[in-house]
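All remarks here apply to the structure that follows.
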2 protein chains.
Amino acid sequence: MLNERSLAVHNDCEECPIRHRAVCARCETDELERLEEIKYYRKFEAGQTVIWSGDRMDFVGSVVSGIATLTQTMEDGRTQMVGLLLPSDFVGRPGRATAAYDVVATTDLVMCCFRRNPFEEMIAHTPHIAQRLLEMTLDELDAAREWMLVLGRKTAREKIASLLSIIARRDATLNMQGADGPRTFDLPLTREAMADYLGLTLETVSRQMSALKKDGVIHLEGKRHVTVPDMDRLMEEAGDDSDGGMLV
Amino acid sequence: MLNERSLAVHNDCEECPIRHRAVCARCETDELERLEEIKYYRKFEAGQTVIWSGDRMDFVGSVVSGIATLTQTMEDGRTQMVGLLLPSDFVGRPGRATAAYDVVATTDLVMCCFRRNPFEEMIAHTPHIAQRLLEMTLDELDAAREWMLVLGRKTAREKIASLLSIIARRDATLNMQGADGPRTFDLPLTREAMADYLGLTLETVSRQMSALKKDGVIHLEGKRHVTVPDMDRLMEEAGDDSDGGMLV
DNA sequence: GTCCCGTGTTGATCTGGGTCAAAGTACATC
DNA sequence: GATGTACTTTGACCCAGATCAACACGGGAC
């Protein structure tokens, strides 16, 4: 996932969020060219599956625009979303040939991909890239662990507030909105997808959204367009300590 | 966390699970010596806190022996364990000066530590170390995500079975037990710690342990000594698909 | 227009696991 | 031995959120 820091870096290079230009600021020119060589773009439509868990995956890459989800499913159909991929987030794992999760585009999606084998070679020879990937992975690990607290200990209302606060924060960062004042954004997820992220049912999600609306914590226009009049209030509802972490 | 692969590596060097000997098989001698220089050991007694969330942390390290936990706490006291650290697991984060979680020794604990600044320098100059850390971090990320499924979607009984199955598996790997047949181990956690890991209350943990015992899925001698007559049965109870993943 | 169909809301009811309370067990320490 | 303390078990009751069910809202396709 992503926090302010990685986003700031992202803005170095609008086109390609793994931002190899920045990674390679200290690299040799031929390394830069090598990355350029193994790079390609893939586009997906909303609803399309990028890759199924268990499928062979011979690329790694990152989201350029749009949103994708990472989900795990049990045999009986229970599903849990384990990651929300926004622009600049990394997908795939050097050193592993098969996908561990289902990756699904929830909006139209553009990804910047690198062929896996040559990319792995580059890592082996280019410390900056390995370091950068390590940083990004550690950020994701922190986000996953923060989410464990949400899943394990928060109430339904707190879960919803947590999710909204993450999306609001990331959306604001992406769109360079000021830190203060009301925030407005479109939910990129259906109620069902929200439920899968939060370990709830879609009915509970719907009810809690209504409750937050009734209590004035959020305003809703239509089903998806959300305004948060007071971010502090929302974060209070989420049970976050003041600083709010840097979740997802 | 850890899987078979990282464990195998661990066994290269009993003393120091970050296994710098293996990391540095391809390094220069002076790099090896440099690591040796910045390395030191710390011992903790059961129950002692290694570090508090928010404290300054100027080392990274890994567990040599014993068990530690990583926990997050909300202001109102709700706590969620976000990691279980067994021998060879890594603690700390290059590039960050403060601890993000409480780290507590649940048994007597020995850690092998490296001073953070020189360690970070080494990473920058030694691709193998950065790569190895990346691998370990990706393993931990997978474990965290698998745990998200447990927290978000599994029933109390499945949660307990999942935890037991992880511990049984790791214990077997550590002690080189055969893959088949009954497995016996000591629970390294109190009921309360199990509850904090699973997002349950200690009462529910106790009840479900009793239920699993009554149903013959496990045998209990005293409170902590567990025998699993049939690992497949246990994993079925955990709701895992056959292969069982490589959790935690 | 109207017929879908995917999405979202709301109500009624049920239940898994939380909460509160009491008692049991295993070790220390005196 | 008695007393204490940390941990665990078990029971009784309750409630947040799941489940089941009905209905509402858009926005294509025809």
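Throughout, protein chains are lettered first and strands after them, A, B, ... in sequence-line order, and every chain is numbered starting at 1. Predicted model, so just to flag it, every value in this text is computed and none were measured.
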Item to complete: Please state how far atom CG in A/L200 lies from atom P in D/dT19, giving the value in whole angstrom units.
Response: 11 Å

Worksheet item: Going by atom types only, do B/T184 and B/T227 share a side-chain donor-acceptor pair under 3.5 Å?
Response: yes

Worksheet entry | Results of salt bridge (charged side-chain N to carboxylate O under 4.0 Å, His left out) for A/R224 - residues two or more places apart only | none

Fill in: Nucleotide C/dG18, atom P - distance to CG of B/D76 in whole Å
15 Å

Atom pairs, N/O to N/O, protein against nucleotides 7-13 of chain D, distance under 3.5 Å?
{"residue": "D/dT8", "atom": "OP1", "partner": "B/R224", "partner atom": "NE", "Å": "2.9"}
{"residue": "D/dT8", "atom": "OP2", "partner": "B/R191", "partner atom": "N", "Å": "2.7"}
{"residue": "D/dT9", "atom": "OP1", "partner": "B/R191", "partner atom": "NH2", "Å": "3.1"}
{"residue": "D/dT9", "atom": "OP2", "partner": "B/R191", "partner atom": "NE", "Å": "2.7"}
{"residue": "D/dT9", "atom": "OP2", "partner": "B/S206", "partner atom": "OG", "Å": "2.7"}
{"residue": "D/dT9", "atom": "O5'", "partner": "B/S206", "partner atom": "OG", "Å": "3.1"}
{"residue": "D/dT10", "atom": "OP2", "partner": "B/S210", "partner atom": "OG", "Å": "2.8"}
{"residue": "D/dG11", "atom": "N7", "partner": "B/R207", "partner atom": "NH1", "Å": "2.9"}
{"residue": "D/dG11", "atom": "O6", "partner": "B/R207", "partner atom": "NH2", "Å": "3.2"}
{"residue": "D/dA12", "atom": "N6", "partner": "B/R207", "partner atom": "NH2", "Å": "3.4"}

Worksheet item: How long is the line joining CD of B/E221 and P of C/dA26, in whole Å?
Response: 12 Å

Practice prompt. Provide, to the nearest angstrom, the distance between the CZ atom belonging to B/R157 and the P atom belonging to C/dG17.
Written response: 11 Å

Discussion item. Using a heavy-atom cut-off of 4.0 Å across all strands, would you classify A/G199 as base, sugar-phosphate, or nothing?
Written reply: sugar-phosphate

Item to complete: Determine whether the side chains of B/D102 and B/S53 contain a donor N or O and an acceptor N or O closer than 3.5 Å.
Response: no

Practice prompt. Specify the closest pair of heavy atoms between A/V150 and A/K159, including all atoms of both residues, with the distance to one decimal.
Written response: O-CE, 3.3 Å

Discussion item. Tell me the closest heavy-atom pair linking B/V217 and B/E237, and the distance in Å.
Written reply: CG2-OE2, 3.8 Å

Response to the item:
From CG of B/L198 across to P of C/dG16 the rounded distance in Å is 18 Å

Worksheet item: Can you check the A/I160 CD1 to C/dG8 C1' distance for me, whole Å?
Response: 13 Å

Worksheet item: Can you tell me how far P of C/dG16 sits from CD of B/E158, to the nearest Å?
Response: 12 Å

Practice prompt. Assess B/R42 against B/F59: is NZ or CZ under 6.0 Å from the centre of the six-membered ring, and within 45 degrees of the ring's axis?
Written response: yes

Item to complete: Grab the CZ-P distance between B/R153 and D/dG17 for me, whole Å please.
Response: 13 Å

Discussion item. With a 4.0 Å cutoff (strictly under), does any side-chain N or O of A/T201 reach OP1 or OP2 of D/dA18?
Written reply: yes

